[in-house]
Amino acid sequence: MTCRLGNLLRRRGVKKGDCVTIYMPPCPLAVAAMMACARIGAPHNVVFAGFSAEALAERIRDAQSSTVITANQGVRGGKVTELKKTVDAAVQSCPAVDQVFVAMRTENPVAMTARDVAMEEEMLKEDCVCEPAAMDSEDVLFLLYTSGSTGTPKGLVHTQAGYLLYAALTHKYVFSYRDGDVFGCVADIGWITGHSYSVYGPLANGGTTVLFESTPVYPDPGRYWEMVQRLKINQFYGAPTAIRLLLKYGDQWVHKYDRSSLRTLGSVGEPINTEAWEWYHRVVGEGRCPVVDTWWQTETGGICIAPKPSEPDAEIVPGMAMRPFFGIKPVLMDPEGKVLTSNDTSGALCIAQPWPGMARTIHNDHARFIETYCQPHPGYFFTGDGAYRSEEGYYQITGRLDDVINVSGHRIGTAEIEDVVNQSSSVAESAVIGYSHDIKGQGIYAFVVLKKDDEVQGEDLCQQLRNMVSKKIAKYACPDFIQIVQRLPKTRSGKIMRRVLRKVVERDVDGMGDLSTLEDPTAVEEIIRGHLELCGKPL
Ligand code: AMP
């Protein structure tokens with residue numbers, strides 16, 4: 001499949017170095033598309049198939065892709081999504097795109113234009129041997145867009161040899177992978193976890209990998225464990241948000257299926273709370289499978305901090321990522337940029353030396369790469385996360401230090417949402433924050449100031465704003481709460497004090513700290529009143 005597709009891409013003019021955008025659900029053809037690109041030396045740019053047409057278009061343009069690979073439709077959790085239609089809408093604003101390969105994930109035909117290529121049909125005409133391109137170790141393997149603290153997503157660049165080595169080693173050692181194992185990472189290929197642990201890590205180790213296209217509760221909350229039984233999965237790797245959701249449905253859905261094949265359970269994407277960790281360990285893993293809480297990010301390419309590898313009976317503390325992987329030197333910094341050397345301390349998590357899997361740059365914007373990761377603490381790679389180092393020297397990740405929030409393990413910059421909300425003709429300005437959410441980890445709360453003479457108000461406006469966010473970014477980025485306020489709390493220099501807004505939503509008025517820099521302290525009282533009206537119960 002990979003070779004035929006590689007040959008097809010070549011025949012249709014895709015050359016070494018050309019970036020190909022892939023907008024597909026996790027399915028064998030999507031993996032073949034990634035592999036085919038890698039084989040002919042064309043960097044791939046996988047865009048999560050839940051992103052809207054506009055978000056996709058922005059990523060296609062930034063990556064300068066002239067080729068897009070998609071599927072007619074996607075199938076997820078009993079719903080059909082119109083992927084080809086979304087691509088059609090996206091490429092209208094991407095003049096450089098001159099061909100769209102369309103795979104048939106379902107049997108439903110879609111309208112094809114002169115620009116579109118029926119992928120499977122054309123692949124059948126190709127030879128199944130495809131000469132691989134010779135690549136330099138530092139050539140680009142792929143771009144992957146992620147959110148930062150500004151409105152523009154950044155295309156992180158991963159390279160050939162270092163990334164592959166790091167994905168393979170972490171896959172092998174963190175999960176105690178052995179030849180013949182069946183590895184079940186349920187992340188979507190549109191995120192870095194899908195890249196490193198559904199595709200590159202397991203395949204580099206010659207493993208069998210499971211692609212998961214659905215949701216944890218479709219057709220019922222036993223879905224994961226039925227799959228474990230049916231496919232005899234040895235390592236299961238998922239997100240805390242799904243674990244928290246399944247926990248609420250009760251143990252019977254887990255007990256119903258044989259999970260004796262499981263040896264290691266992994267968690268990724270956000271901090272895992274102790275209750276979810278304990279349930280995962282005790283109920284899913286019957287207390288016999290180590291749970292590895294793995295900390296890493298799109299930028300790091302692979303797992304950087306995890307309980308394994310370690311001695312077989314070494315301690316694993318619930319909810320802690322614990323130990324650095326080979327070659328990773330974690331460092332905690334105080335706000336003045338001094339390295340904290342003692343234990344039982346918290347600080348900004350940095351990494352003190354480069355490692356093979358690290359992103360090399362941001363596509364088209366190396367200055368932003370330097371500014372984001374290297375300048376905050378010169379000489380160190382700054383992760384954007386905060387961490388605690390325990391008395392024993394173990395690491396626990398405490399969350400983002402910047403204006404990036406994590407919704408169901410998906411990263412989104414508050415500035416990206418604000419940018420969209422501010423585009424409404426009714427909105428003067430807005431401030432978006434994350435709040436602690438039972439299932440999603442974090443939910444999204446928007447404070448919106450309307451233009452003085454605006455007539456659209458209330459629910460209509462809120463719905464309008466939600467639709468805009470869903471259209472411009474994706475559904476997961478829609479605010480759960482939108483509070484209309486007269487003004488936002490600002491410093492005298494005009495900076496929005498998001499800390500104050502977070503404390504309002506957390507109902508921690510005493511914890512607001514120093515408000516003396518606020519331009520107008522009465523704004524806060526007004527916001528508290530509005531919040532209590534909007535959400536009677538604490539969130
Ligand atoms: P992404 O690049 O989209 O994979 O998001 C990476 C971010 O998710 C990190 O910077 C962390 O804020 C968060 N994250 C990932 N894994 C963990 C973990 N095991 N514990 C806590 N936070 C995590």
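Computed from a predicted model, the values in this text were never measured in an experiment. Note that ligands are numbered from 1 as they come in the structure, with each ligand's atoms numbered from 1 the same way.
- Taking the six-membered ring where tryptophan is involved, the planes of Phe51 and Phe48 are perpendicular, since the angle between them exceeds 60° and thus also 30°.
- Taking the six-membered ring for Trp and thresholds of 30 and 60 degrees, Trp225 and Phe236 have ring planes inclined between 30 and 60 degrees apart.
- Atom 21 (C) of ligand 1 has its closest protein heavy atom at Pro271 N, 3.1 Å.
- For Glu315, the CD atom is densely surrounded, since the number of other residues' heavy atoms within 6.0 Å is greater than 12.
- Using the six-membered ring where Trp is involved, His410 and Trp191 have ring planes that are parallel, under 30° apart on the 30 and 60° scheme.
- Across Ala306, Gly269, Ala321, heavy-atom proximity to atom 8 (O) of ligand 1 is greatest for Gly269.
- In summary, the atoms of ligand 1 found under 4.0 Å from a heavy atom of Asn406, numbered by their order in the structure, are 8 (O), 13 (C).
- For atom 5 (O) of ligand 1, the closest heavy atom belonging to the protein is Arg411 CD, 3.4 Å.
- The single protein non-hydrogen atom nearest to atom 6 (C) of ligand 1 is Gln297 CB, 3.4 Å, given as residue, atom name and distance.
- Atom 17 (C) of ligand 1 has Glu270 N, 3.5 Å as its closest protein atom, hydrogens excluded (heavy atom only).
- Between Phe325 and Tyr173, the angle of the ring planes lies from 30° to 60°, which puts this pair in the tilted group.
- Among Thr298, Thr383, Thr398, the residue whose heavy atom lies nearest to atom 2 (O) of ligand 1 is Thr298.
- Residue contacts with ligand 1 do not include Trp191, since none of its heavy atoms lies under 4.0 Å from the ligand.
- Remark: minimum distance from atom 4 (O) of ligand 1 to any protein heavy atom is reached at Ile192 CG2, 3.7 Å.
- Between the side chains of Tyr388 and Asp344, at least one donor-acceptor pair of N or O atoms lies under 3.5 Å.
- Taking the six-membered ring for Trp and thresholds of 30 and 60 degrees, Tyr163 and Phe142 have ring planes more than 60 degrees apart, a perpendicular arrangement.
- The closest protein non-hydrogen atom to atom 10 (O) of ligand 1 is Asp385 OD2, 2.6 Å.
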